[in-house]
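Reminder, nothing fancy here: chain letters follow the sequence lines and each chain counts from 1.
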Protein chains: 2
Amino acid sequence: MASRPAPVDPLTLEVVELIGSVVVRFHQEYDEAAARHSLTGAQARLLALLHHQCLPMREIARRLKCEPSNVTGIVDRLESRGLVERRPDPADRRVKLAAATESGHETAERLRASMDFASEPLADLTPAERALLRDLLRRMLGDGYGDGPPATPSDTPAD
Amino acid sequence: MASRPAPVDPLTLEVVELIGSVVVRFHQEYDEAAARHSLTGAQARLLALLHHQCLPMREIARRLKCEPSNVTGIVDRLESRGLVERRPDPADRRVKLAAATESGHETAERLRASMDFASEPLADLTPAERALLRDLLRRMLGDGYGDGPPATPSDTPAD
DNA sequence: ACCGATTTGCTTGACAACATGAAACATCGA
DNA sequence: TCGATGTTTCATGTTGTCAAGCAAATCGGT
């Protein structure tokens with residue numbers, strides 16, 4: 001089985017597979033870190049978003065790449081735990097802005113700090129190698145590797 | 001907000017963020033590719049596993065990093081569509097081996113072929129750079145970067 | 001400027017997939 | 001026989017979709 005060679009060279013194939021492994025590990029550890037704070041992965045991602053700025057529901061949906069109706073539920077759960085609140089948008093009474101509460105910001109910050117796990121696998125690389133890896137990843141991702149416009153591209157290099 | 005600088009250098013931090021971007025894009029496109037074949041992400045991952053070899057349920061759970069009781073449902077759904085079948089293990093009558101059917105193997109192969117999206121972002125890199133990236137990722141992931149034994153560790157192109 | 005029609009933003013409801021944990025059951029191994 | 005192991009079932013919760021609904025904004029024609 002798995003006998004037919006794919007129409008791509010083995011090198012590319014291996015890189016793809018390696019990236020797959022990175023993805024699996026990253027995702028897994030992200031979820032574990034979130035769980036340590038009694039959050040699911042989706043809740044942690046949402047809270048991290050709101051740590052930077054408050055956002056209307058539809059914008060959250062766009063960034064998380066899911067339906068707005070889904071965001072309602074996630075915000076509901078976070079709101080019921082006092083980590084997030086809904087505020088009216090003075091400019092448009094239809095929209096509701098989700099914002100992290102004080103407690104939400106604290107949780108988000110603790111979460112981010114505990115996220116240093118991600119740097120641990122990089123410990124084996126020398127700074128020069130890390131720079132190399134950074135450049136290769138940058139070129140791989142192309143220009144706008146983030147999906148949303150960061151408020152200020154200069155600060156908060158971590159997401 | 002996000003005032004405390006993380007106890008890691010900016011370079012590492014940026015690499016972490018880049019990896020995060022890779023993870024997001026990879027996941028998203030993986031799910032889309034799966035959806036094109038009427039599969040969910042979890043089903044696609046399971047089917048890809050079984051494309052290499054048939055496995056007992058508990059082993060699938062270990063590789064997918066979830067509970068065995070969860071695997072039951074995913075295999076159920078794939079089985080009801082004729083992509084997977086359960087076979088008894090002659091050596092141990094407790095275990096059930098999940099195996100891809102003929103149709104399952106075909107789907108897995110089509111899926112893998114349509115997965116070339118993942119190689120597309122690599123197109124901008126020269127072969128030498130790809131090799132470099134491969135080596136860096138390998139070292140980053142440590143020895144056993146897959147979670148299962150690779151079919152033939154020897155068939156990786158030598159440097 | 002007014003009023004109806006359409007669009008937009010969010011929520012609700014029904015439903016499916018995924019995930020966990022506890023409990024049940026058969027089977028293995030000591 | 002007894003404990004451990006492999007699988008399933010059940011209850012429950014989160015995430016995701018889609019369709020329908022409501023409120024508010026916007027547009028077009030008079």
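For A:D135, the salt bridge (charged side-chain N to carboxylate O under 4.0 Å, His left out) criterion is met by A:R138, not counting sequence neighbours. Every residue meeting the side-chain hydrogen bond (donor to acceptor under 3.5 Å, both in side chains) condition with A:H37, not counting sequence neighbours, appears here in chain and number order: A:R110. Take B:D92 and apply the side-chain hydrogen bond (donor to acceptor under 3.5 Å, both in side chains) test, not counting sequence neighbours, and it matches B:R94. Under the side-chain hydrogen bond (donor to acceptor under 3.5 Å, both in side chains) criterion, A:E79 pairs with A:R86, sequence neighbours left out. Contacts of A:S80 classified as side chain to side chain contact (heavy atoms under 4.5 Å, CB included), with partners at least two apart in sequence or in another chain: none. Applying the side chain to side chain contact (heavy atoms under 4.5 Å, CB included) criterion to A:L136, with sequence neighbours excluded, gives B:L125, B:E129, B:L132, B:L133, B:L136. Applying the side chain to side chain contact (heavy atoms under 4.5 Å, CB included) test to A:R58 and every residue at least two apart in sequence or in another chain returns A:P56.
Helix-axis bend for the helix from C:dA1-D:dT30 to C:dA30-D:dT1: the local axis fitted to the five terminal pairs at one end deviates from that at the other end by 20°, rounded to 10°.
If you walk DNA chain C from 5' to 3' and mark each nucleotide with an atom closer than 4.0 Å to a heavy atom of chain B, the marks span C:dA17 to C:dC28.
Between A:H27 and B:H27, the ring planes lie parallel to each other; the angle is under 30°, not in the 30° to 60° tilted range.
Residue B:E67 contributes atom CD, which lies 15 Å from atom P of D:dT5 at whole-angstrom precision. Across the protein-nucleic acid pair, B:R86 atom CZ and D:dT7 atom P stand 10 Å apart, rounded to whole Å.
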Any protein N or O atoms within reach of nucleotides 10-15 of chain D? Criterion: under 3.5 Å, listing atom names and distances.
{"residue": "D:dT15", "atom": "OP1", "partner": "A:T40", "partner atom": "OG1", "Å": "2.1"}
{"residue": "D:dT15", "atom": "OP2", "partner": "A:R77", "partner atom": "NH1", "Å": "2.6"}

Which atom pairs link the protein and nucleotides 20-23 of chain D when you take only N or O atoms and keep those under 3.5 Å?
none

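Note on B:R58: every side-chain N or O is 4.0 Å or more away from OP1 and OP2 of D:dT5.
Side-chain atoms of A:S103 do not come within 3.5 Å of backbone N or O of A:L83 as any donor-acceptor pair. Under a 3.5 Å cut-off, the side chain of B:S114 and the backbone N or O of B:A33 do not form any donor-acceptor pair.
In this structure, the side chains of A:D124 and B:M140 stay at 4.5 Å or more apart for every pair of heavy atoms.
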Do any side-chain atoms of residues 38-50 of chain B form donor-acceptor pairs under 3.5 angstrom with protein atoms, and if so which ones, sequence neighbours left out?
{"residue": "B:T40", "atom": "OG1", "partner": "B:Q43", "partner atom": "N", "Å": "3.2"}
{"residue": "B:Q43", "atom": "OE1", "partner": "B:T40", "partner atom": "N", "Å": "3.0"}

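With distances taken from any side-chain atom of B:D76 to the nucleotides D:dT9, D:dA24, D:dT17, the minimum falls on D:dT9.
Of the listed residues (A:E106, A:R112, A:E109), just one forms a side-chain hydrogen bond (donor to acceptor under 3.5 Å, both in side chains) with A:H51, and that residue is A:E109.
With the nearest nucleotide of DNA chain D identified for both A:C66 and A:D92, A:C66 has the one nearer the 5' end.
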